[in-house]
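Scroll down for the structure; my scribbles are underneath it.
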Amino acid sequence: MTGLLNRILVQAFKHLPWLGEAWARRYPFLRVAGIPWAPLRKPLAECRLALVTTAGVHLTNQPPFNMVEPEGDPTYRAFPVDTTRELLTITHDYYDHTAAERDLNVVLPLERVRELVGEGIVGGLTATCYSLMGHIDGRHVATLASRTAPEVAGRLMADGADVVLVAPA
Amino acid sequence: MGLVQRAIEERGIPTVGVSLQRTATEAVRPPRTVFLRYPFGHPFGRPGAVAEQRHILLDALAALVKICVPGEIVDLPYRWRRTDFAAAASPLRPPGERWWSRVA
């Protein structure tokens, strides 16, 4: 029953934009101070791009994101950017990933970024992709902000990322 | 998502985010965003729609170059399942401009 209700809610949020709007207007977002800013220092054609997704993508042999915890799973998964499609899966009950299962580029455009690297529009890609699960609530918002996000940021630094694209689900 | 983006930018790496929910993005205030009025689960469009995926990806990357005001959200004009991406003009990438070869 809970599963069915969840599936109905996921479809409602997908097809009725005002529902997402109503949710966002009531949601107690973490209050943030200021807007961080790092200027772009070199052309994209010379930059190493890193990808971060919150679409719940992970390697088939990695532990799936926790779908039981009602406040979401604030952990992340890392996988090589050149992982073949068959080795990736999606664990995320809070959006309809039918389309993403058919073509992962819909949420994580790995093939498209490789094409741009081939054309010289993007300088290159960092070796590792980072993936989170977007549905974070309650106490786990603080876990995400204070632990997971800084850890992922530190790893992106170590990876030599010059620019980062962050994509939702 | 915006919180992760903010944390990365705080470490000194320029970031851009794709948003499907503008109100949430306005609340979390990430540094650079392209907003798309698309259903959840489709930040780069439809499966198999290579031109659409590429177009949105290029817009997001162009925002890294074009957005100079912290917190700016660029509204992408594309309409779900209606826009013809073979002919669509980008608000961030004028034809003929080599935006990827320059800084701001």
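Chain letters run A, B, ... following the sequence lines, proteins first, then strands; residues in each count from 1. Only a predicted model underlies this, so the values are computations on that prediction, with no experimental measurement involved.
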Exercise. Does the side chain of A:P109 come within less than 4.5 Å of B:Q53's, by heavy atoms?
Worked result: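 Counting from C-beta outward, B:Q53 and A:P109 never come under 4.5 Å.
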
Among [options], which residue has the highest count of heavy-atom pairs closer than 4.5 Å to chain A?
options                    : value
B:P14, B:G45, B:G2         : B:P14
B:L58, B:L61, B:I13, B:I8  : B:I13
B:V65, B:T33, B:I67, B:V50 : B:V50
B:R98, B:Q5, B:R11         : B:R11
B:R22, B:Q21, B:E10        : B:Q21
B:A49, B:P70, B:P30, B:P39 : B:P70

Residue [X] versus chain B: region with a heavy atom under 4.5 Å:
X      : answer
A:E151 : neither
A:L165 : both
A:L144 : side chain
A:V10  : neither

What are the two closest non-hydrogen atoms of [X] and [Y], and how far apart are they?
X      : Y      : answer
A:F13  : B:F40  : O-CD1, 3.3 Å
B:W99  : A:I121 : CH2-CG2, 4.1 Å
A:V32  : B:V28  : CG2-O, 3.5 Å
B:R6   : A:A33  : NH2-O, 3.2 Å
B:R32  : A:W37  : NE-CH2, 3.4 Å
A:V113 : B:L57  : CG1-CD2, 3.6 Å

Hey, what do you get for [atom1] ([X]) to [atom2] ([Y]), rounding to the nearest 0.5 Å?
X      : Y     : atom1 : atom2 : result
A:E119 : B:R54 : CD    : CZ    : 4.0 Å
B:L64  : A:L49 : CG    : CG    : 8.0 Å
A:R102 : B:R46 : CZ    : CZ    : 11.0 Å

Given the options [options], which has more heavy-atom pairs under 4.5 Å with chain B than any of the others?
options                       : result
A:D96, A:N105, A:I136, A:V152 : A:N105
A:A169, A:A45, A:G34, A:G120  : A:A169
A:T98, A:V52, A:L116, A:L16   : A:L116
A:A153, A:A50, A:A55          : A:A153
A:D103, A:V106, A:L44         : A:V106
A:L104, A:T54, A:V163         : A:V163

Exercise. Counting heavy atoms not belonging to B:R79, are there more than 12 under 6.0 Å from its CZ?
Worked result: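 Result for CZ/B:R79: open.
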
